[in-house]
Amino acid sequence: MRSKITIAIDGPAGSGKSSVSKIIAKRLGLLYVDTGAMYRALTLKAMEKGINLEEEIMLVELAHNTEIELTHREEGTIVLLDGQDVTEKIRETDVTNNVFYLARAEGVRECMKKLQRKIAEKGNVVMEGRDITTVILPDADYKFYLDASFDERVKRRRKELEQNGRQVVESGLSKDIKMRDKKDLTRKIAPLRKAKDAIVIDSTGMSVEEEVETVISYIK
Ligand code: CDP
């Protein structure tokens, strides 16, 4: 394997992106960067400050005045928002359902782009999100687009939420995922897209281990 590698992974909710990226980072000794956690942290701060999420100018100002840090401990990635540990809080349903306001704001994305590129600069990273292969790291050594059928993605997300002790209403969950997919795919700035030269992996019916093996088989 080359001395420094950059791996970019995109895909919709429940495609296995986060689980696969974490395992690959560990196996190959790379830094794992969850860019969704950054948008989630900003969303949490905007909500806590009572900012009107429709007001893009306010969101951009907030992004410029916020410190987001991903630190890595034995138990996994810890998300620090202005120095506070928000790892758990950013997974709450109302944060999930409001992320699109921040994700569609051009100035917010510009700010995240700078932060994310700075992290990736040193190399040896696995960065995952929605626009990593297309906008943030289009020259990454390896680019993957992970996907799975809608039903499978809903099933995985339900299992994940249940494992984290959250109550799940099945119809609400599929509605939320459908809505988020639509917003991620149709927003004007940096929508979720398959990069032309990305390796597309459909993991429907695969276990996480099988998905990891499939991704790793492409990495020399
Ligand atoms: O893990 P999950 O699929 O639930 O989502 P996430 O990766 O935590 O991202 C949450 C939301 O942040 C996504 O639905 C996107 O709207 C947004 N996001 C984005 O716009 N760009 C990224 N690079 C990462 C996330």
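Whatever order the structure lists them in is the order used to number ligands and atoms, beginning at 1. Residues take their numbers from the sequence shown, with the count starting at 1.
Which parts of ligand 1 touch R40 is read off a 4.0 Å heavy-atom cut-off, strictly below it: atoms 2 (P), 4 (O), 5 (O), 6 (P), 8 (O), 10 (C). Listed by number with element, the atoms of ligand 1 under 4.0 Å from a non-hydrogen atom of D184 are 13 (C), 14 (O), 15 (C), 16 (O). Which parts of ligand 1 touch V99 is read off a 4.0 Å heavy-atom cut-off, strictly below it: atoms 11 (C), 12 (O), 17 (C). Distances below 4.0 Å separate heavy atoms of A13 from the following atoms of ligand 1: 3 (O).
Sorted pairs that involve residues 35-44 and meet salt bridge (charged side-chain N to carboxylate O under 4.0 Å, His left out), not counting sequence neighbours, are lacking altogether.
At least one heavy atom of R157 sits less than 4.0 Å from an atom of ligand 1. At a 4.0 Å cut-off, at least one heavy atom of R109 sits close enough to ligand 1 to count as contact.
Neither the backbone nor the side chain of M179 has a heavy atom within less than 4.0 Å of ligand 1. Only the side chain of R91 comes within 4.0 Å of ligand 1, judged by heavy-atom distances. Residue contacts with ligand 1 for K183 are absent, since no atom lies close enough (heavy atoms, distance under 4.0 Å).
Under a cutoff of 6.0 Å and an axis angle of 45°, K178 and F150 form a cation-pi pair.
Looking at K17, R187, R180 and measuring to atom 14 (O) of ligand 1, the nearest heavy atom belongs to R180. The closest non-hydrogen atom to atom 6 (P) of ligand 1, taken over G36, S21, S18, comes from G36.
With D10 contributing its side chain and D131 its backbone, the two residues share a donor-acceptor pair below 3.5 Å. Between the side chain of T204 and the main chain of S149, a donor-acceptor pair closer than 3.5 Å is present. With hydrogens and angles ignored, the 3.5 Å screen pairs a side-chain donor or acceptor of R156 with a backbone N or O of G14.
Rounded to the nearest 0.5 Å, atoms CD1 (I68) and OH (Y39) are 9.5 Å apart.
A37 meets the side chain to side chain contact (heavy atoms under 4.5 Å, CB included) test with D34, L70, V79, I90, R91; sequence neighbours excluded.
For ligand 1, one of its N or O atoms has an N or O atom of T35 under 3.5 Å away.
Between E162 and K159 there is no salt bridge, since no side-chain N of the basic residue sits under 4.0 Å from a carboxylate O of the acidic one.
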